[in-house]
Amino acid sequence: MSVASRDCLACAQRPLLGRRVALIHPAWHSCGTYRVVLGQIAAYRALGAEVFPIAVSSDPGFVPGRNWLWKSFNQATAELDGGARYYGGAPFHAMLSPRFLRDVLWPYLHGDQAVVRLAMAERTRLSPAIEGATFDLVHCNHFFLMPIARRLARGAAPILLDTHDLQARQFALINETMPWLSPRASYESMLAQELEAMRGADLLLHLNAQEAEDFRALIPEKAHALLYPATPEAPTGPGGPDIVLVASNNTANVESVVWFLREVAPKAPGVTVKIVGNVDAGVRSKAPEQYAAYKDWFLGRVEDPGVVYANARLALLPTISGTGLSIKTVEALSSGLPLIATRQAMRGLDEAASRLSGVVIVDSAQEFADALSRTAASAPLDEAGRRGSPARRYYESRLSLAAYKASLGVLAAALISAGSGE
């Protein structure tokens, strides 16, 4: 191969070589958004870009330079230590102005989750090295950080907005359990703020099929793209005897595990399941009887969830609530294991995911129990079978880092070229 041919191949593989990308994200960790951000950073670097990850706190006082305030976040996000870190946060005194008290705090006391998040972003101070920098592309996560994206774009760089979930829907669910003042902020008013902020982006990225469809209908004048996030793969072997259920301690997961223990497990006698993750604390609090009855099934949090999948023969997804794409569903698909899942577990994926051989979709507790008893008695797949399974191939084609990188490279390069007139 000639030098010119090698250079052309390198350009094709790294279409963002030399480009500067500001990557704005909430200062969150141990959650789905953080996993998505890690995938974004890895993909941009693989594409040749210089990435500037900017963690933005929604808590007052978390301004850059106050290292003691950021210590906990830094310790929980060691994966970001491979390059320079940048920070953003609003100072305390910004909360004390009459305008903030009238236009932000008062609506927030009525449950307006959108206005307070946007207001904090508008008042954010950024690391000095970022404030004066120029970028070829600004990649923003979540609509409420768009004020920062517009600031860094300076009217020149294109803005790519990862919408994640429809946030107004999340805010309305949060408000159902909060003692806000009346009249409460409505879903419609928060949605209007969300959509208005999103209109400042040049391209809207959606990480699940349902949200993509919803946003296209809500903002038809904007450019949209469905781009599943890059989710780290689970091991496909060597395999073992375990039937596993992986869940963290959030409301949707706790409800789902409690439903499984109450409605499914008693209908599948003789089957033992390993329940992995810190969901045990939530189940113990919400359903002490079920927790006591199945206490031996709970393993708690493990350092390496990959080991759980590596030594398993079957993965269970008894999801009954939640919105957006389920990261644990993606992880289970990547393991190549046979799966038993509710339809809710497959939310956000396209129809092809529900037709995969080896993935049993159920609509009731009895169907789940029947499938569990039947599959538990079948021969397990070996490592080669798992790596070649339809579920694993689906993951590799749509949800792997390689698939994400390829699609992101095309989208980002086209945005940059259009913005620079190349």
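The basis for the numbers below is simple: all heavy atoms, side chains too, and nothing from hydrogens, waters or symmetry mates. Just so you know, residue 1 is the first one in the sequence shown, and it goes up from there. Computed from a prediction, not measured in an experiment: that's the story for all the values here.
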Between [Y] and [X], does any NZ, NE, NH1 or NH2 come within less than 4.0 Å of an OD or OE carboxylate oxygen?
| X | Y | result |
| --- | --- | --- |
| Arg169 | Glu211 | yes |
| Arg392 | Glu396 | yes |
| Arg125 | Glu131 | no |

Determine whether [X] and [Y] make a side-chain contact, defined as any pair of heavy atoms from C-beta on separated by less than 4.5 Å.
| X | Y | value |
| --- | --- | --- |
| Glu79 | Ile41 | no |
| Leu337 | Leu381 | no |
| Leu339 | Leu356 | no |
| Leu191 | Leu166 | yes |
| Leu137 | Tyr44 | yes |
| Phe135 | Val21 | no |
| Leu69 | Tyr87 | no |
| His164 | Gln170 | no |

Looking only at atom types and distance, does a side-chain atom of [X] sit under 3.5 Å from a main-chain N or O of [Y], one as donor and one as acceptor?
| X | Y | value |
| --- | --- | --- |
| Arg20 | Thr134 | yes |
| Arg123 | His93 | no |
| Arg386 | Thr236 | yes |
| Ser127 | Ala129 | no |
| Glu194 | Ala168 | yes |
| Asn175 | Gly111 | yes |
| Arg313 | Gly239 | no |
| Arg19 | Gly48 | no |
| Asn278 | Arg301 | no |
| Ser285 | Gly282 | no |

Rounded distance (nearest 0.5 Å) linking atom [atom1] of [X] with atom [atom2] of [Y]:
| X | Y | atom1 | atom2 | result |
| --- | --- | --- | --- | --- |
| Ile340 | Phe260 | CD1 | CZ | 8.5 Å |
| Ile159 | Leu204 | CD1 | CG | 10.5 Å |
| Gln344 | Asp363 | CD | CG | 12.0 Å |
| Tyr108 | Trp180 | OH | CH2 | 4.0 Å |
| Met95 | Leu105 | CE | CG | 10.0 Å |
| Gln40 | Leu205 | CD | CG | 8.5 Å |

Minimum heavy-atom separation for [X] to [Y], with atom names?
| X | Y | result |
| --- | --- | --- |
| Ala371 | Val360 | CB-CG1, 4.0 Å |
| Gln167 | Phe144 | OE1-CE2, 4.0 Å |
| His224 | Lys222 | CD2-O, 2.9 Å |
| Val244 | Val273 | C-CG1, 4.4 Å |
| Ala119 | Val104 | CB-CG2, 3.5 Å |
| Thr329 | Ala345 | OG1-O, 2.8 Å |

Using the side-chain contact (heavy atoms from CB on, under 4.5 Å) definition, which of the options Asp162, Leu145, Leu160 pairs with Cys140?
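Of the listed residues Asp162, Leu145, Leu160, the side-chain contact (heavy atoms from CB on, under 4.5 Å) partner of Cys140 is Leu145.
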
Go through Val330 and Tyr395 one step at a time and tell me if the side chain to side chain contact (heavy atoms under 4.5 Å, CB included) criterion holds.
CA-CA 7 Å; Val330 177; Tyr395 164 81; 4.0 Å; yes

Ring geometry between Trp70 and Phe73 (parallel below 30°, tilted from 30 to 60°, perpendicular above 60°):
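If you compare the ring of Phe73 with that of Trp70, the planes turn out perpendicular.
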
Do the rings of Phe368 and Trp259 sit parallel, tilted or perpendicular, given the 30° and 60° boundaries?
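Rings of Phe368 and Trp259: perpendicular, as their planes differ by over 60°.
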
Do you see a donor-acceptor pair shorter than 3.5 Å between the side chains of Arg85 and Asn74?
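Asn74 and Arg85 do have a side-chain donor-acceptor pair below 3.5 Å.
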
Could you verify whether a donor N or O on one side chain and an acceptor N or O on the other, from Arg347 and Thr319, lie under 3.5 Å apart?
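Distance-only check fails for Arg347 and Thr319.
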
Does atom NZ of Lys274 have more than 12 heavy-atom neighbours from other groups under 6.0 Å away?
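No, the 6.0 Å shell around NZ holds no more than 12 heavy atoms from other groups.
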
More than 12 heavy atoms from other groups under 6.0 Å of CD on Glu221
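Above 12, so yes.
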
Assess the residue pair Leu152 and Ile24 against the criterion (side chain to side chain contact (heavy atoms under 4.5 Å, CB included)); give the C-alpha distance rounded to whole Å, side-chain angles, the decisive distance to 0.1 Å, and a yes or no.
CA-CA 10 Å; Leu152 295 180; Ile24 308 165; 4.0 Å; yes

Evaluate Leu408 against Val410 for side chain to side chain contact (heavy atoms under 4.5 Å, CB included), listing each step before the verdict.
CA-CA 5 Å; Leu408 181 65; Val410 171; over 6 Å; no

Verify side chain to side chain contact (heavy atoms under 4.5 Å, CB included) between His110 and Trp106, making sure each step is shown before the conclusion.
CA-CA 7 Å; His110 291 264; Trp106 184 245; 3.3 Å; yes

